[in-house]
Amino acid sequence: MSVTHRLTAPAPGWTTDTDVVVVGSGVAGLTVALNVRRAGLRAMVVTKAMLDDGSTRWAQGGIAAALGEGDTPEQHLADTLVAGAGLCDGDSVRTLVTEGPDAVRRLIAVGAAFDRGEDGDVLLTREGGHHRNRIAHAGGDATGAEISRALVEAVRRDPDVELIEHALVLDLLTDADGHAAGLTLHVMGEGQRDGVGAVRARAVVLATGGMGQVFSATTNPAVSTGDGVALALRAGAEVTDLEFVQFHPTVLWLGPEAEGQQPLVSEAVRGEGAHLVDADGVRFMLGRHELAELAPRDIVAKAITRRMREHGTDHMYLDGRHFGAEMWQRRFPTILASCRAHGIDPVTEPIPVSPAAHYASGGVRTDTRGRTSVPGLSACGEVACTGVHGANRLASNSLLEGLVFAERIAADLTARHAAGDLPERVVDVEAARAARPVPLPAPEARAEIQRLMSRGTGVLRSAASMAATAEGLALLAEQTRAAVAEEKPADPRVETWEAANLLLVADALVTAAAQREETRGCHWREDFPERDDAHWQRHLITTLTASGGPVSTLEEP
């Protein structure tokens, strides 16, 4: 398989090599790097900003694992399958829940300090969709930041893990057999490595995080522009279940004009007993689900959206005033500070909240070893679709999935290396040159893509709304091609490469979402309000056509 599409970019001006190149520095990417290093393989971590600037550090709630007395992997599996609404892969989920507890213990051994009780045991709380207290947390509501700190420190202590920060990955390089042989990237800085370069490697691991920036309002950081999914599509890889974007129910509402990354109000706040109420103080989740405010996220997000429509408002409220100041300060210091920074005091008033794009349950399709459909290319974390999350991710399973499947990728690469199945690769230079260059949209296209996606393919969708989104995206693509034809192309730079990635990911997401004519998990169709297992309890697999457009096909039963 040869790479047939690539971003328009200058030829690499420098080249380096390693054994395993990992793109991304969250829990998944750093875990891969640390584990392959223990096997004696050289590792290089490429990250878009600073080493600790990915999505992991923003995770508030915690990491789910059957660590508590009376809890079992079977119970964790059952809750995960329910949340996934019939589309979870059973083998993947069983792998997650059985290997998860020991993976968390190994994370603690690396240096992650979770909150503990007076008896010294790790404190566990509950979040939406869980029937047991199984969420381990750190710093009250700063779990991701603590995990990121521990892994970053471990990586920095290892002089044989090479780091390239402020680097945007561009495209995959392959050898004559279509096996991943490295990648191209752009380093934003000055020095020995700056501008466009190439990394040659025996194996490539994508751990690039999510694509929340495809929407106007998201909990994702600004770097989450779908770069990994876009690269994989251009490389000929299969992606799956892109339509299942989870909208977190409780994101701090900052006003109707707010855009970009929005502050998250963790599900753990509801886990500790906060109530969702409307402007009249009515708890509208009571009677809608047996778990009320702790129902799976898709159910809570839909309930909030419905209530907003009924009342003609753009937010609801999360009431935790009964916690008192001491509990807010001890258990949720990050959220308390964030709310107060925006003029809201949760100790004395309800928090205005509304749903916002949070997590991509779909992504680059992998097996339980993290292998994609492109030989030599692996993926883990939010960029991957392992089959664990199905149509809707269970709360706090994301950090665990990144951890468990990163360990499995490292084990797979280690075993292949020991068996002599990880040789040095020679980049097929002619194939790289022959790949069709993707024209770059103007930087302003980013805001228009976000507006189109939020308006027509957000938390609530219909054929008409998505057709309007698709039409707007097609117009942007046509304007981009016209600018190239008139010899007025956008300059190749970070802003235009990100816009191109967002445009491709948005197009692929809308293609899949328009095809799935049912409501399932976090995919909510206004015109098809019922779940339809007879026709749609299957995955949609998206690839690119020869012309570069996405096409989705329904998996065979």
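Since this is a predicted model, take the numbers as computed values, not measurements.
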(message) What I want to find out is whether Glu127 reaches Arg270 closely enough, with some N-O distance under 4.0 Å, to be called a salt bridge.
(response) no

(request) State whether the side chain of Gln450 and the backbone N or O of Gln213 hold a donor-acceptor pair below 3.5 Å, judged by distance alone. (result) yes

(request) Measure from the side-chain N and O atoms of Arg365 to the backbone N and O of Cys385, and report whether any donor-acceptor pair falls under 3.5 Å. (result) no

(message) I need the single residue from Leu81, Thr386, Leu77, Val82 that forms a side-chain contact (heavy atoms from CB on, under 4.5 Å) with Cys88. Which is it?
(response) Leu81

(message) Between Thr184 and Leu173, is there a side-chain heavy-atom distance shorter than 4.5 Å?
(response) yes

(message) Do His179 and Arg425 pair up side chain to side chain, a donor and an acceptor below 3.5 Å, judged on atom types alone?
(response) yes

(message) Between Asp241 and Phe244 (side chain of the first, backbone of the second, donor and acceptor by atom type, cut-off under 3.5 Å), is there such a pair?
(response) no

(request) Could you check if a side-chain atom of Arg371 sits within less than 4.5 angstrom of a side-chain atom of Thr366, using non-hydrogen atoms only? (result) no

(request) Please say which of Thr511, Leu509, Ile541 ends up in a side-chain contact (heavy atoms from CB on, under 4.5 Å) with Ser552. (result) Thr511

(message) Rounded to the nearest 0.5 Å, what separates atom OG in Ser373 from atom CG in Asp367?
(response) 10.5 Å

(message) Any side-chain to backbone donor/acceptor pair from Arg37 onto Leu41? Under 3.5 Å, distance only.
(response) yes

(request) Check the side chains of Thr208 and Lys48 for a donor-acceptor pair under 3.5 angstrom, ignoring hydrogens and angles. (result) no

(message) Under a plain distance cut-off of 3.5 Å, with no hydrogens placed, do Arg393 and Ser398 share a side-chain donor-acceptor pair?
(response) yes

(request) Apply the test side chain to side chain contact (heavy atoms under 4.5 Å, CB included) to residues Ile335 and Val269: give CA-CA distance (whole Å), side-chain angles for both, the deciding distance (0.1 Å), then the verdict. (result) CA-CA 9 Å; Ile335 297 169; Val269 177; 3.7 Å; yes

(request) Report yes or no: do Thr72 and Gln75 form a side-chain donor-acceptor pair below 3.5 Å? (result) yes

(request) Would you mind reporting whether Arg200 and Leu183 have side-chain heavy atoms less than 4.5 Å apart? (result) no

(request) Rounded to the nearest 0.5 Å, what's the gap from CG on Leu233 to CG on Leu242? Could you check? (result) 7.0 Å

(message) For a quick test of reading the model, state the closest non-hydrogen atom pair linking Pro73 to Ala66 and the distance between them.
(response) N-CB, 3.8 Å

(message) Is it the case that the side chains of Gln262 and Thr219 hold a donor-acceptor pair, with the cut-off being a distance below 3.5 Å and no angle test?
(response) no

(request) Mind listing the closest non-hydrogen atom pair of Leu172 and Ala180 along with its distance? (result) CD1-CB, 4.0 Å

(request) Would you confirm whether Glu382, through its side chain, and Ala360, through its main-chain N or O, come within 3.5 Å as a donor-acceptor pair? (result) yes

(message) Tell me whether Arg234 is salt-bridged to Asp171, with the criterion being a basic N under 4.0 Å from an acidic carboxylate O.
(response) yes

(message) As a quick check of understanding, evaluate side chain to side chain contact (heavy atoms under 4.5 Å, CB included) for Ile164 and Val45, giving each step before the final call.
(response) CA-CA 6 Å; Ile164 303 182; Val45 175; over 6 Å; no

(message) Pairing donors with acceptors under 3.5 angstrom, does anything connect the side chains of Asp19 and His417?
(response) no

(request) Answer yes or no: is there an ion pair linking Glu99 with Arg408, defined by an N-O contact shorter than 4.0 Å? (result) yes

(message) Please find the pair of heavy atoms, one from Pro550 and one from Asp507, that lie closest to each other, and give the distance.
(response) CD-OD2, 3.3 Å

(request) For residues 388-411, pull every pair meeting ring pair (Phe, Tyr, Trp, His ring centres under 6.0 Å), keeping only residues two or more places apart or in separate chains. (result) Tyr359-His389

(message) Using a 3.5 Å distance criterion without hydrogens, assess whether the side chain of Asp115 forms a donor-acceptor pair with backbone atoms of Gly140.
(response) yes

(request) Answer yes when Arg132 and Asp79 have at least one side-chain N-carboxylate O distance shorter than 4.0 Å, and no when they do not. (result) no

(request) Answer yes or no: is there a side-chain heavy-atom contact under 4.5 Å between Leu7 and Asn501? (result) yes

(message) Is it true that Gln246 and Asn392 share a donor-acceptor pair across their side chains at a distance under 3.5 Å?
(response) yes

(message) Just verifying a value: how many Å separate Asn397 CG and Ile63 CD1, rounded to the nearest 0.5 Å?
(response) 9.0 Å

(request) Heavy atoms only: give me the nearest Val364-Ala237 pair and the separation to one decimal. (result) CG1-CB, 4.5 Å

(request) Measure the shortest side-chain to side-chain distance between Thr143 and Ile147 over non-hydrogen atoms and say whether it is less than 4.5 angstrom. (result) yes

(message) Given 3.5 Å as the limit, does a donor-acceptor pair link the side chain of Thr250 with the main chain of Val265, or not?
(response) yes

(request) Please report the closest heavy-atom contact between Leu124 and Arg134, naming both atoms and the distance. (result) CD2-C, 4.0 Å

(request) Say whether, by atom type as modelled, one donor and one acceptor occur between the side chain of Glu146 and the main chain of Ala138 under 3.5 angstrom. (result) no

(request) Using a strict 4.0 Å threshold on nitrogen-to-oxygen distance, state whether Asp533 and Arg531 make a salt bridge. (result) yes

(request) Verify, without hydrogens or angle tests, whether Thr414 (side chain) and Ala410 (backbone) share a donor-acceptor contact under 3.5 angstrom. (result) yes

(message) Any salt bridge linking Glu153 with Arg156? Criterion: basic side-chain nitrogen under 4.0 Å from a carboxylate oxygen.
(response) no

(request) Any chance you could measure Asn220, atom CG, to Leu264, atom CG, to the nearest 0.5 Å? (result) 10.0 Å

(message) Could you check whether Glu162 pairs with Arg42 (Lys NZ or Arg NE/NH1/NH2 to Asp/Glu carboxylate O, under 4.0 Å)?
(response) no

(request) Mind checking the CE-CG spacing from Met453 to Leu503? Nearest 0.5 Å is all I need. (result) 10.5 Å

(request) Salt-bridge test for Arg516 and Glu243: reply yes if a basic N is under 4.0 Å from a carboxylate O, no otherwise. (result) yes

(message) Quick test of your reading of the model: are Arg331 and Asp141 salt-bridged, counting only N-O distances below 4.0 Å?
(response) no

(message) Any carboxylate oxygen within less than 4.0 angstrom of a Lys/Arg side-chain nitrogen, looking at Glu267 and Arg126?
(response) no

(message) Salt bridge check, Asp91 against Arg94: does any charged N sit closer than 4.0 Å to a carboxylate O?
(response) no

(request) Would you give the length of the straight line joining atom OG1 of Thr80 to atom NE2 of His130, rounded to the nearest 0.5 angstrom? (result) 7.0 Å

(message) When you measure from the side chain of Ser396 to the backbone of Gly62, do you find a donor-acceptor pair of N or O atoms at a distance under 3.5 Å?
(response) yes

(request) Work out which heavy atom in Ala357 is nearest to a heavy atom in Val245; give both atom names and the distance. (result) CB-CG1, 4.5 Å

